[in-house]
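A short worksheet on the structure shown next.
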Amino acid sequence: MTAELHEELTDPHADQLDHGAASSRPLKSRISEPQPRGAKIHGNRPVDQSEAANRFMAATEHEAMHDARLWDLRQKRDKEMHGIEEWEELRNLASGIKEHTLSKLDYYLELFEKNATANGIKVHWAKDGAEHNAIVLEILRSKGVERLIKSKSMLTEECGFREFMAENNVEVIETDLGERIQQLDDEAPSHVVVPAVHKLRTDVASVFAKTIGSDPDNADAHYLTECQREATRPLILSAQAGMTGGNFVVAETGTFVVCTNEGNADLSANTPPLHIASIGIEKLIPGLDDLAVFVRLLSRSALGSPITQYTSHFRGPRKGSEMHVVLVDNGRSARLGMEKFWPGLKCIRCGACMNTCPVFRRSGGLSYGATYAGPIGLIIDPTFNVHKYRNLPYSSTMNGSCTNVCPVKINIHEQIADWRKTLAGEGEISPVKKVMMKAAGEVLASPVVYRASLPLGRSALRHLPHFMLYNKLNTWGRKRDIPETPKQTFNEWYRKNRKQQDEGKKS
Amino acid sequence: MSGSREAILDTIRKNHVQGDRPRPTVPLFDQAAPADLKALFQKSLERMGGKMLTPDAADPMAPVRQAIVKPGPVLSCVPEFQGDMQITPQTKPTDIAPVEYAVLRAAFGVAETGSLCFTEKQLLVNTTGFLPQHLVVLLDPTQIVYNLHNAYQRPEWTQAHYAVFQSGPSATADIEGVLVHGAQGVRSLSVLFHPAS
Ligand code: SF4
């Protein structure tokens, strides 16, 4: 369905292994080119995503690689989806389980606390990032920890954890390769699942040459990965504490679950005598039956791989060690009360909405200048700072593809439209965007009308200037290629192929 | 901090999502399970980058010996195979670092994903699953379940403090999508069907 758009992807090497984040065929960059950097941050001033996006697109080799890799992940995801008969039923279940849990979140949090405590886990509560950091520092100080090994966690990015620890003389070592590259380059992750996806191999070679002493002229991915393994291992063995996030928290058993491909969470958790897990309060699910649904959906949606290489379940400390869980709110309990935006709390951070988003693929995650980029970022960043991120909800073509791929069925594109309305109501909007929004407003007002408008929107996109995309006023249409759109939307495909099976189920 | 605990729970109670949202019942989705789970397990394991060893009826441990091709200490956590290192109550997690090969038994396998489940009971020291360079794993073919729904019905989840699904070796593709095995954990993983004694 995308042959005309991604020629390089039309010759799949059927035999090649493509599990994990691997691309389904080689996508080697041809030239080295300076890496475009992310959005310029000026205090609390609104982030100008399109300025950074323009710079990313001007770096054509970076843009092409980024676009091709993420579109390949999206295609791998589609392939996995087609292999699972009950895919749509799993999405409905996942959505239903999350909504149920969020409607009884106090009950499930207390249940988790009770069960985890009974198993020997120490449970802490933090209202915001600062309190989280203070709690963790206190635990580390009580054990005299100077070096902490850590697996990837978006929550700790939210909390500004690494910067805080640096100020307090605790050395933090990221153990996920992508996250480690970003840490060594002093740059934030650009994607929730593949943090260094915006970098070319030559960028990584130059970061490693400067920081871990690899050969600056060797940009071979195997060589670079090996250098990092060798450089990190002694740090893992000498760290006094390990830290992980948590993808899912099972209330009924007091278990938290961490998914990685590298095994770095298991090393971080099991090697030192102290394990601290930082977990957002929205990660709760009731029981193990529910967990099965999410483990089946997560990696398939994220990377088009059946499961992460490691799915690790922690229910209590091992003998002679300590285990702490810090449950972090940081705005989540307030978001629960936002009539239109609470469904964003269902998010399992799979990144599928980013991989499918034409704006994200073209502009890179760092252009958003926020912890969360892409479609999910558009709808949750403004809950952290409505002024700073007021322009982000406009970084969307409103093609609805994000909503179609979301494993927990968050109405992402409807929420983007709702943010535009909300921001207009709050005076948080520039005059240009007000005009665009008015034009889009009628179409987007109802999901039924919106869906009906999609096929037309698509053909218009392919052949004609379209009012939303190519209007002179549109910062996204200007100077940009036509964003690729699938010939058949998921909904069309779904209606054609799955209608019978779906009869009687709510959508 | 205890003040925050109450404040968070209070805000949640005030802001609860409205409406009746009953807990869904999750089916097992296992009507289509094939009779031969071994074949499906093998296919899934290979998809995830793992290797299947060919059994040898005359000399059951021969495939394990043959899989050990690199020099270095071999740690065995199973009675069927003799390694050159012993786990004792004094063994620390970091002591596993020099191990080239660890031989383990999986608690069970999952055909859908080619996953092996290990708990502290099989690992003895949890790092035996991750710090060695390579793993050779014995799996009782009667201990394969069809899918993840069936897997989460198993008793391990409420018995162990630590349990992991390992599906193939450690892998990364963080640099231009190039697949590399052995990012931080094991570089290779081989499985031999071998009944538990
Ligand atoms: S919004 Fe949906 S698709 Fe996007 S990261 Fe969250 S769960 Fe995945």
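Every value quoted in this text rests on a predicted model; they were computed, and no experiment measured them. The sequence lines fix the lettering, A, B, ..., with proteins before strands; numbering per chain opens at 1.
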Do [X] and [Y] touch side chain to side chain, with heavy atoms closer than 4.5 Å?
| X | Y | answer |
| --- | --- | --- |
| I8(B) | R332(A) | no |
| R47(B) | P306(A) | yes |
| R318(A) | N126(B) | yes |
| I12(B) | S333(A) | yes |
| V164(B) | T311(A) | no |
| I97(A) | V26(B) | yes |
| I84(A) | F29(B) | no |
| V178(B) | R201(A) | yes |

With a 4.5 angstrom heavy-atom cut-off, could you sort out which part of [X] is near chain B: side chain, backbone, both or neither?
| X | value |
| --- | --- |
| L73(A) | neither |
| E339(A) | neither |
| I181(A) | side chain |
| P317(A) | both |
| V204(A) | side chain |
| R69(A) | side chain |
| T308(A) | backbone |
| K28(A) | both |
| D18(A) | both |
| S29(A) | both |
| E230(A) | side chain |
| S103(A) | both |
| I281(A) | side chain |
| L109(A) | side chain |

In this structure, is the centre-to-centre distance between the rings of Y162(B) and F314(A) below 6.0 Å? yes

Give, for atom [atom1] of [X] and atom [atom2] of [Y], the distance between the pair rounded to the nearest 0.5 Å.
| X | Y | atom1 | atom2 | result |
| --- | --- | --- | --- | --- |
| D128(A) | S4(B) | CG | OG | 7.5 Å |
| L237(A) | T127(B) | CG | OG1 | 9.0 Å |
| L105(A) | R13(B) | CG | CZ | 10.0 Å |
| N15(B) | R335(A) | CG | CZ | 12.0 Å |

Quick one: do the [X] and [Y] side chains pair a donor with an acceptor below 3.5 Å?
| X | Y | result |
| --- | --- | --- |
| R5(B) | H124(A) | no |
| Q309(A) | S170(B) | no |
| H222(A) | H181(B) | no |

Max heavy-atom pair count under 4.5 Å with chain A, selected residue of Q166(B), K14(B), R23(B): R23(B)

With respect to chain A, which residue among G177(B), A173(B), G129(B) yields the maximal number of heavy-atom pairs within a distance under 4.5 Å? G177(B)

Is it true that [X] and [Y] have a side-chain N and a carboxylate O under 4.0 angstrom from each other?
| X | Y | result |
| --- | --- | --- |
| K127(A) | E6(B) | no |
| R180(A) | D174(B) | no |
| R315(A) | E156(B) | no |
| K199(A) | E176(B) | no |

Output yes when a side-chain donor or acceptor of [X] lies under 3.5 Å from a complementary backbone atom of [Y], and no otherwise.
| X | Y | value |
| --- | --- | --- |
| E262(A) | T172(B) | no |
| R229(A) | G185(B) | yes |
| H149(B) | A292(A) | no |

For [X] against [Y], the heavy-atom pair lying closest together:
| X | Y | result |
| --- | --- | --- |
| F130(B) | L267(A) | CB-CD2, 3.6 Å |
| R233(A) | Q184(B) | NH2-O, 2.7 Å |
| I175(B) | T225(A) | CD1-OG1, 4.0 Å |
| G96(A) | P24(B) | C-CG, 3.7 Å |

Might you work through the side chain to side chain contact (heavy atoms under 4.5 Å, CB included) test for L148(B) and I307(A), ending with a clear yes or no? CA-CA 10 Å; L148(B) 286 163; I307(A) 190 169; 4.2 Å; yes

